[in-house]
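Data block below; observations after.
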Amino acid sequence: MSVQQISVFLESQPGHLRRVLDAFEDAGVNVRGYSASDTGDYGIVRFIVDDPSRALSVLGVLGAAATATDVLCARLDDKPGELARVMGIMADCDINVTYSYSLISTYIALSVKDVARAEQLLEGEPVDLIGQSELARVLERNEGR
């Protein structure tokens, strides 16, 4: 029950991220969340999209260095303390979150060392994990498609 994250390595120059986003738009790839971090001359942009395969194909045509990895995606209640609650559960399960970022309002992607183990440990916990197809369906419902 994970989602695919697309990581793209881009030169840290004006317009490089826009080129990727324009290509996604042209191909009908909908960005559901992203995180960008600068490492000097290059940056890493992480995307959660509705169609990871199409996104990778688009990036291949652009000649961009990109990889896909599985991350957990958890639904949070939109209330104070919810992020602290979920991070507390992760800590109590001895799961190290190496980075996280928010998606559309109350969804977050969590990168962990062992996704399968984390899923197993969280199975009985009050954390609502969702998969790629469910993420797309929920988002389509919210947009009235």
Worksheet item: Is any NZ, NE, NH1 or NH2 atom of the basic residue among D114 and R117 found under 4.0 Å from an Asp or Glu carboxylate oxygen of the other?
Response: no
Counting only heavy atoms not in [X], do more than 12 fall under 6.0 Å of its [atom1]?
X	atom1	value
D26	CG	yes
Q120	CD	no
E123	CD	no
F24	CZ	yes
Y42	OH	no

If you round to the nearest 0.5 Å, how far is [atom2] of [Y] from [atom1] of [X]?
X	Y	atom1	atom2	result
L83	S100	CG	OG	6.5 Å
L121	D92	CG	CG	11.5 Å
R19	L59	CZ	CG	9.0 Å
I6	T69	CD1	OG1	8.0 Å
R18	E25	CZ	CD	9.5 Å
L10	D41	CG	CG	13.0 Å

Worksheet item: Yes or no on side-chain contact (heavy atoms from CB on, under 4.5 Å) for C73 and L103, after CA distance, side-chain angles and deciding distance?
Response: CA-CA 9 Å; C73 185; L103 307 178; 3.6 Å; yes
State yes or no: do [X] and [Y] share one hydrophobic cluster built from I, L, V, M, F, W and Y residues joined by side-chain heavy-atom distances below 4.5 Å, directly or via other members?
X	Y	result
I48	V58	no
V31	L56	yes
Y101	I130	yes
V115	I89	yes
L62	Y34	yes

[X] side-chain N/O to [Y] backbone N/O, donor-acceptor pair under 3.5 Å:
X	Y	result
Q132	V49	yes
R85	L76	no
R54	A27	yes
N30	D50	no

List the atom of [X], the atom of [Y], and the distance in Å for their closest heavy-atom pair.
X	Y	result
V3	G131	CG1-C, 3.7 Å
L129	E134	O-OE1, 4.4 Å
V71	S2	O-CB, 3.3 Å

Discussion item. Please evaluate residues Q5 and D70 with respect to the criterion side-chain contact (heavy atoms from CB on, under 4.5 Å), reporting the C-alpha separation (whole Å), side-chain torsions for both, the decisive distance (0.1 Å), and the verdict.
Written reply: CA-CA 6 Å; Q5 169 187 272; D70 289 333; over 6 Å; no
Worksheet item: Passes side-chain contact (heavy atoms from CB on, under 4.5 Å), L72 versus L122? Steps please.
Response: CA-CA 11 Å; L72 298 176; L122 294 173; 4.0 Å; yes
Worksheet item: Can you find a heavy atom in the side chain of K113 that is under 4.5 Å from one in the side chain of N96?
Response: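 Contact flag for K113/N96 side chains = no.
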Worksheet item: F47 and V20: side-chain contact (heavy atoms from CB on, under 4.5 Å), yes or no, with the steps?
Response: CA-CA 11 Å; F47 291 103; V20 169; 4.1 Å; yes
